[in-house]
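Please read the structure below before turning to the comments.
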Amino acid sequence: MTLPLLLCTLIALTSGLHFGHRFAQAHHAGRSLLPAVTAHGAIATALIVLTVLLDPTAAGLLWLAVSATSLISLALGALWPTPAARAADLGDHDLPQAARDWAA
């Protein structure tokens, strides 16, 4: 794998994680999911086209690695727990006694 193809894969990874997180935030807030999905789709499409054009292998299947990375990272970004979600999952039983006394 050449350096430009490695960069395409890393950009697909970071884009998927970022927009997956935005997708989860929009879903949690009840907003439209379309901006996050559309933005990631545009970036991923450009990266896949660039990978097809730059692929030096005879089989020409490196675009598959970029597209798989893009989809998997989008899913991981959407499923990765945020600090707010982790804090919301805490119940009173997880807090120290001093925090429960202060909250009461």
Side-chain angles (χ1 to χ4, degrees):
M1 182 175 272
T2 63
L3 183 62
L5 295 176
L6 180 64
L7 289 175
C8 286
T9 305
L10 291 175
I11 292 170
L13 176 70
T14 56
S15 170
L17 290 173
H18 174 75
F19 287 112
H21 181 70
R22 291 287 177 114
F23 179 90
Q25 285 177 338
H27 178 69
H28 183 65
R31 295 188 316 249
S32 175
L33 307 175
L34 194 59
V37 174
T38 304
H40 179 65
I43 292 171
T45 301
L47 290 171
I48 291 169
V49 168
L50 188 61
T51 303
V52 168
L53 295 175
L54 295 175
D55 190 0
T57 62
L61 292 178
L62 288 179
W63 66 270
L64 192 59
V66 173
S67 63
T69 302
S70 173
L71 290 174
I72 291 169
S73 64
L74 183 67
L76 285 176
L79 295 175
W80 201 273
T82 61
R86 284 189 297 243
D89 289 341
L90 290 177
D92 282 344
H93 62 280
D94 293 333
L95 295 175
Q97 182 63 39
R100 280 185 270 173
D101 292 340
W102 182 77

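What you are looking at is a predicted structure, and each value in this text was computed from that prediction instead of being measured.
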Determine, using the 4.5 Å side-chain heavy-atom cutoff (strictly less than), whether I11 and V49 are members of one ILVMFWY cluster.
no
Linked, directly or transitively: L76 and L13 (ILVMFWY side chains, under 4.5 Å)
yes
Would a distance-only check, ignoring hydrogens and angles, find a side-chain to backbone donor-acceptor pair under 3.5 Å from S70 to V66?
no
If you look at every heavy atom in T51 and L5, which pair is closest and at what distance?
CG2-CD2, 3.6 Å
Quick one: pull up CG in L62 and CG in L54 and give me the separation to the nearest 0.5 Å.
10.0 Å
If I take atom CD1 from residue I72 and atom CG from residue L17, how far apart are they, to the nearest 0.5 angstrom?
11.0 Å
Return the minimal non-hydrogen interatomic distance between L64 and S67, and the atom names on each side.
O-OG, 3.0 Å
Closest approach of L50 and C8, non-hydrogen atoms and distance?
CD2-SG, 3.7 Å
All heavy atoms of L74 vs all of F19, minimum pair found to be CD1-C, 3.9 Å
With the 4.5 Å side-chain cut-off for hydrophobic clustering, are I43 and V52 part of the same group?
yes
Closest non-hydrogen atom pair, A26 against S32:
CB-O, 3.6 Å
Restricting to non-hydrogen atoms, name the atom on A12 and the atom on L47 that form the minimum distance, rounded to 0.1 Å.
N-CD1, 3.6 Å
OG1 of T2 to CG of L7, rounded to nearest 0.5 Å, is 8.5 Å
If you define the side chain from C-beta out and look only at heavy atoms, does anything of L6 sit under 4.5 Å from L10?
yes
Output for pair (H40 NE2, H18 NE2), nearest 0.5 Å, gives 11.0 Å
